[in-house]
Amino acid sequence: MDQSGIQPEKMELVVVTHVVDTITFWAQNVTDKINEKINVMLTEKCPIAPILMGRPSSHKVYGARYSEDKCWYRCTVQQQTEDKFYILYIDYGNMEIVSRSDLVELPEELQTTGLAKKYKFWGFHVSSEQDSPIFAQGKSFLHNIIHGKKLRVHKKSVCFDGTILVEAFQGNLDIGEELLKFKFAKVSLPSNRENHLPTVNLQERTGLWPTRNPGELDTLGSSLGCMPKLRPIFSDQKPQVVKEQKTIIALQPVEKMNVGQEPLSEINVSKASGDGQQLCSQDTKQMPSETESELQRMRKVINEKDLEIKKLKEEGSAIQLNASLLGQQIEEAKLELQIVKENYGKTKETEDKHPTTVASRISQLAKKVDSLRKLRESNPCSTDEDHLLESITIIMNYRISMPLSSESLELAWKAYDETLENLRGCQTMAEMESLVKSRNEARDALLAAIDDFLQEVDKLSINERLDKLKEVASSLTAIFSSVMLAEETEEYSFEKFCEWKGQKQHKIKNTRKATDEALLALSGWAARLSKFLMFRCSEKTSVHEEDIAGSVDEILMNADNALCEELSTELTEQDNQERKIVFNAFRKAMRDIQREQSLLEEIRQKYELSMKLKLELKQWQSGTPKADELFAVKKRIRSLRSQLRWKLVEVSCMEEAEELDLPEILKKKEEIAETRNALFQEISHEKKQYTVLCDLVKGGFPELPTIFPDADINAYMSSAGLLMKSLDRDMFDAEPMRDLSGRRPLLSTDFQGQKVVLKCYAVDEESEVKMLEQAAHYHRAQQQNPATAVPLLALFCGKSDPLAYVMVPHYSNGSLRAIQKSSPLSSCEVRKVMKDVALGLQSLHAASVTHASLHPSNVFAIGREKGIVGDYDFTKTPEQRVFDSGMVAGSISLVAPELKQGRPPSPATDMYSFGGIMLWLHVPNFSRTLENEHQNVEFTGLDLDAKLLKLLSKLLTSPTRLSASEALKEDYFISVDV
């Protein structure tokens with residue numbers, strides 16, 4: 001087409017990013033300048049973005065690491081198969097399969113439409129099937145002339161799937177004309193490509209059919225033959241009539257209507273509106289004023305319904321018209337097919353009555369031989385079925401099974417565990433010796449079984465096999481990406497596939513053999529003919545006339561039949577039954593690969609556990625562990641404690657003397673500090689020894705607490721490692737914290753170079769046990785997520801007073817109450833801090849711990865951006881803690897309504913306190929009541945973020961209150977990561 005007739009302002013400059021096929025490509029608008037900005041954002045965000053968890057959304061944009069350059073690009077997920085994802089790079093148009101580890105979530109600012117658009121050449125369709133050599137050559141041809149280059153495109157129409165139909169030019173070169181010249185594409189229009197198509201006004205609606213006016217419907221039938229029929233992708237099972245119907249409907253052009261032309265729907269709306277107003281004005285004069293608005297609303301609804309009915313009728317008429325046109329096309333196709341059959345019969349009859357010349361027959365044979373040669377060269381027995389057969393061979397012939405020694409190892413391990421259980425239940429030394437002997441015998445048997453297992457596994461190439469299975473699975477998934485793995489497979493899928501494949505290969509082999517023999521006979525005839533014609537007059541020849549003319553027809557016929565048979569065999573597509581056999585074999589192959597991969601991972605894990613256990617058992621094979629080092633540390637602690645007390649007494653006496661010797665006092669205080677540090681170092685060493693002994697007790701030596709009762713190992717283990725009996729109040733140089741001390745004294749001191757707080761609790765023998773249980777429960781829960789809750793450093797009881805002490809870190813002026821009083825947090829800081837608090841509550845609730853003491857003095861903001869949940873009074877039950885006088889934030893009560901009705905504290909009541917603190921942080925002067933459980937509290941007029949209001953309503957007023965994990969998924973907290 002001559003582009004001089006196209007107005008320059010209607011041309012668009014694009015750069016091609018990906019070529020799909022002979023007539024389809026993706027490109028970016030050259031004027032878009034945000035590509036570089038997006039790449040920079042992806043480079044910054046993607047490496048630290050969370051990996052996609054669960055099923056992806058087809059409406060979201062994700063980040064994917066491209067396999068070629070390992071850089072990050074935006075994509076959408078088209079299909080998922082287990083942990084493999086078939087994705088489309090929306091800024092470039094190409095696709096590939098990635099694993100879950102290469103797919104990450106993207107923030108809101110990157111959730112925009114792709115920069116690349118899909119284009120097709122207007123008025124063309126592909127001239128060959130997708131698996132033909134011409135199709136591949138056409139795609140390669142188009143790729144070479146336009147990929148990565150700038151084109152000027154003239155938009156002609158838009159398909160319903162968003163594909164833009166264009167004419168494309170590169171300089172003065174018309175790309176479409178080049179495709180036609182080399183016969184890579186065909187014209188879909190019966191006449192000139194420049195014929196103007198009738199326009200159809202497509203309106204935005206949710207239905208399948210666009211709304212048309214009557215004038216458009218009249219011209220639709222006459223113009224269908226001129227529509228550009230692009231070739232959509234259909235499954236092979238769908239009838240051709242369905243394909244043609246969808247092609248015609250999906251490719252209606254989207255163009256603007258003429259200014260003077262008004263859609264019928266708009267005229268009807270205005271007319272109906274005018275009639276409604278006229279009737280309304282006549283009736284309202286007779287009706288009371290209070291019913292006028294209701295009457296107008298009802299008539300408006302009736303008018304809208306009438307319009308909808310009219311639109312549905314128009315759509316129905318369009319459907320009927322299209323159905324009629326499709327019926328006509330089917331009848332025409334049947335008539336054409338009948339004519340072709342009749343012509344073929346006449347041609348065959350003519351050929352039988354009037355045989356063609358030898359030259360024409362040989363010319364036809366030469367063309368077929370050339371086609372067959374190209375077919376054999378392009379398809380050297382490497383089809384998808386051949387690859388599947390090779391994969392099945394790898395899966396079946398090189399399979400690794402569980403080592404035989406594994407069963408013996410399991411039995412020996414089980415016998416060893418039984419002896420350990422017997423030892424744990426033993427309470428007397430009389431039974432201990434025989435049980436220890438049985439344990440040692442079982443241990444020796446287990447070591448022997450481990451050695452056998454390790455030796456057998458060392459002979460297996462597990463890592464190489466895993467790599468090979470991964471490679472086979474990846475290649476099979478790439479070839480059969482459209483096959484669903486969820487369907488059931490038959491038991492004998494491999495056998496059926498191998499039988500079918502063997503029959504097919506045997507047929508192909510025989511066919512090729514027959515072709516080669518026929519062509520060899522033809523070659524022999526040609527040699528005899530040459531020998532007969534080229535002899536010299538003086539020479540004699542054994543070739544006679546009957547050898548040349550007698551068998552020529554039969555030889556040519558056999559060669560022609562053999563060539564046609566092989567070409568037909570090679571080009572025959574699989575039927576449904578054959579596809580079912582192949583797909584079932586693929587599914588069984590993937591399932592067998594997954595089973596073997598799981599088995600190999602199990603063997604590898606068992607190998608690592610066995611190796612670790614072997615090292616542990618051999619360490620103590622010659623004897624039982626001792627507690628001598630622990631007792632030596634305790635002895636040094638007692639000595640240092642005595643020295644510290646004596647030095648403290650000396651300093652006290654010197655300070656009470658009439659004449660103060662300040663240099664000597666300072667010297668003694670330095671000695672006290674050195675002694676105290678040495679004492680704390682020995683206590684730290686004691687803790688390490690307890691940790692070692694506890695690990696041994698949990699492992700293979702449960703008899704240690706009974707053998708060494710003075711070590712008091714059980715008490716240390718039951719307290720989760722908190723109880724430190726060597727500590728005492730007199731060891732610390734502590735100062736009272738009078739500003740923060742209420743009913744419970746607080747002391748500030750140093751411990752091992754860290755500023756700590758000692759919380760004092762008055763306990764008796766019974767409450768001491770309960771306190772230890774609650775503190776150990778909290779400590780175990782806090783260790784699951786240490787960064788979001790206050791850690792407990794130690795717990796000890798006073799030796800000279802009925803007090804228990806809990807040691808925690810000292811956060812100076814770090815509580816929310818102190819911060820809000822001096823320098824309130826900003827909205828952004830509040831969001832970060834309270835998200836960490838929610839994480840802390842999530843960890844506690846997951847361990848069945850109800851805090852019941854969440855208030856501004858017990859929540860800390862470290863550095864104004866890191867939130868930490870404080871500990872609570874371990875001497876009180878949750879029911880006692882929740883009604884503490886400190887459970888308020890400003891004038892907001894943090895006690896949930898259900899607690900006042902007698903219900904016990906729960907994670908839900910903690911979340912109510914959490915919501916109250918959130919409200920107080922944003923609205924410190926909030927004075928409205930939050931008393932009733934189902935009260936509809938109005939937050940309007942508070943000038944709060946919509947996401948925050950939504951969260952507060954779900955925490956404070958909703959009958960079904962959010963849990964901590966659910967609250968973290970709310971938009972208010974998700975925006976923190978963005």
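Note that these values count all heavy atoms, side chains included, but never hydrogens, waters or copies made by symmetry. From a predicted model like this one, the values you see are computed outputs, not experimental measurements.
- No more than 12 heavy atoms of other residues, nucleotides or ligands sit less than 6.0 Å from atom NZ of Lys635.
- In this structure, the separation between CG on Leu955 and CG on Leu948 is 9.5 Å, given to the nearest 0.5 Å.
- Using a 4.5 Å heavy-atom cutoff, the side chains of Val882 and Ser853 are not in contact.
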### Derivation of the side chain to side chain contact (heavy atoms under 4.5 Å, CB included) call for Leu758 and Thr749
CA-CA 8 Å; Leu758 297 179; Thr749 185; 4.1 Å; yes

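- Put simply, the side chain of Leu693 reaches to within 4.5 Å of the side chain of Leu704, judged on heavy atoms.
- The aromatic rings of Trp620 and Phe701 lie perpendicular to each other, with more than 60° between the two planes, well past the 30° mark.
- Judged by a 6.0 Å distance limit and a 45° cone about the ring axis, Arg831 is positioned over the six-membered ring of Tyr972.
- Counted within 6.0 Å of NZ on Lys688, heavy atoms from surrounding residues, nucleotides or ligands total 12 or fewer; the atom is thus considered open.
- Taking each heavy atom of Ser848 and His777 in turn, the nearest pair found is O-CE1, 3.6 Å.
- The backbone N or O of Ala908 lies less than 3.5 Å from a partner atom in the side chain of Arg961, making a donor-acceptor pair.
- Taken from OG in Ser684 to CG in Leu679, the straight-line distance is 11.5 Å, to the nearest 0.5 Å.
- His779 is not listed as a side-chain neighbour of Pro791, based on a closest heavy-atom distance of 4.5 Å or more.
- Across every non-hydrogen atom of Lys866 and Val833, the tightest pair is N-CG2, 4.2 Å.
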(Q) Pair Glu768, Cys797 - check side chain to side chain contact (heavy atoms under 4.5 Å, CB included), show working. (A) CA-CA 9 Å; Glu768 180 180 339; Cys797 297; 3.3 Å; yes

Worksheet entry | CA sep, side-chain torsions, deciding dist, call: Glu421, Arg424, salt bridge (charged side-chain N to carboxylate O under 4.0 Å, His left out) | CA-CA 5 Å; Glu421 287 298 323; Arg424 291 188 182 97; 3.1 Å; yes

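- Looking only at distances, no side-chain donor or acceptor of Ser823 sits under 3.5 Å from a matching main-chain atom of Ile819.
- Remark: the backbone N or O of Leu613 is not paired with any side-chain donor or acceptor of Lys618 at under 3.5 angstrom.
- Salt-bridge annotation for Glu879 and Arg903: absent, with no side-chain N of the basic residue lying under 4.0 Å from a carboxylate O of the acidic one.
- For the 3.5 Å distance criterion, the side chains of Ser726 and Glu686 qualify, holding a donor opposite an acceptor.
- Between Leu722 and the choices Leu795, Val806, Leu772, the side chain to side chain contact (heavy atoms under 4.5 Å, CB included) rule is met once, by Leu795.
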Note to self: Walk me through whether Ile917 and Ile892 qualify under side chain to side chain contact (heavy atoms under 4.5 Å, CB included).
What the structure shows: CA-CA 8 Å; Ile917 295 175; Ile892 303 171; over 6 Å; no

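- Two residues are said to be in side-chain contact when any heavy atoms from C-beta on lie closer than 4.5 Å; Ile868 and Val859 fail this criterion.
- Interatomic distance, CG of Leu968 versus CD1 of Ile974, reported as 9.0 Å (0.5 Å rounding).
- By the 4.5 Å heavy-atom criterion applied to side chains, Lys626 and Phe631 are not counted as neighbours.
- With hydrogens and angles ignored, the 3.5 Å screen pairs a side-chain donor or acceptor of Gln774 with a backbone N or O of Phe874.
- More than 12 non-hydrogen atoms from other residues, nucleotides or ligands lie less than 6.0 angstrom from CG of Asp417.
- We find the CZ-OG1 distance between Arg881 and Thr877 to be 7.0 Å, quoted to the nearest 0.5 Å.
- Salt bridge annotation for Lys770-Glu766: present, with a cationic side-chain nitrogen under 4.0 angstrom from a carboxylate oxygen.
- Within the 4.5 Å cutoff, the side chain of Ile672 has heavy atoms near those of the Val651 side chain.
- To the nearest 0.5 Å, the span separating CG on Leu825 from CG on Leu816 amounts to 6.5 Å.
- Residues Met911 and Leu962 have side chains not in contact (no heavy-atom distance under 4.5 Å, counting atoms from C-beta outward).
- Panel note: side chain Lys947, backbone Glu970; no donor-acceptor pair is recorded below 3.5 Å.
- Taking every heavy atom of both residues into account, Phe796 and Asp728 meet most closely at CE1-C, 3.8 Å.
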| request: Run the numbers on Glu664 and Lys668 for side chain to side chain contact (heavy atoms under 4.5 Å, CB included), then give the verdict. | output: CA-CA 6 Å; Glu664 187 65 23; Lys668 285 293 181 182; 3.8 Å; yes

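- Of the possible donor and acceptor atoms, none in the side chain of Arg817 sits under 3.5 Å from a partner among the backbone N and O of Asn858.
- Looking at His685, its side chain never comes within 3.5 Å of a backbone N or O of Gln681 through a donor-acceptor pair.
- The pair Glu655-Lys669 meets the salt-bridge criterion, with a side-chain N (NZ, NE, NH1 or NH2) lying under 4.0 Å from an Asp/Glu carboxylate O.
- Under the 3.5 Å distance criterion, with hydrogens and angles disregarded, no donor-acceptor pair is assigned to the side chains of Ser913 and Asp910.
- A salt bridge does not link Lys634 to Glu682: none of the charged side-chain nitrogens sits closer than 4.0 Å to a carboxylate oxygen.
- Contact of the Tyr690 side chain with the Asp695 side chain is not registered, since no non-hydrogen atoms from C-beta on lie closer than 4.5 Å.
- Outside the 6.0 Å centre-distance limit, the rings of Phe732 and Tyr805 are not counted as a close aromatic pair.
- Among all heavy-atom pairs drawn from Pro705 and Val697, the shortest one is CD-CG2, 3.7 Å.
- The backbone N or O of Arg636 lies less than 3.5 Å from no partner atom in the side chain of Arg641, so there is not a single donor-acceptor pair.
- Arg676 places no side-chain N or O within donor-acceptor distance of the main-chain N or O of Phe751, the cut-off being under 3.5 Å.
- Neither side chain, Thr675 nor Glu671, offers a donor N or O lying under 3.5 Å from an acceptor on the other.
- Electrostatic pairing of Asp871 and Lys759 counts as a salt bridge here, judged by a charged N lying under 4.0 Å from a carboxylate O.
- No salt bridge links Lys647 with Glu650; every basic N to acidic carboxylate O contact stays at or beyond 4.0 Å.
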Can you list the steps and then say if Ser767 with Asp764 is a side chain to side chain donor-acceptor pair (under 3.5 Å)? CA-CA 5 Å; Ser767 60; Asp764 53 22; 2.6 Å; yes

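- Salt-bridge annotation for Lys725 and Asp712: present, with a side-chain N of the basic residue lying under 4.0 Å from a carboxylate O of the acidic one.
- Between Leu803 and Val763, the shortest heavy-atom distance links the atoms C-CG2, 4.3 Å.
- Taking the centre of each ring, Tyr912 and Phe914 stay at or above the 6.0 Å mark.
- In this structure, the side chain of His810 does not engage the main chain of Asp750 through any donor-acceptor pair within 3.5 Å.
- The heavy-atom pair separating Ser718 from Arg780 by the smallest distance is O-NH2, 3.4 Å.
- Residue Glu703 holds its CD atom at 9.5 Å from CG of Leu696, rounded to the nearest 0.5 Å.
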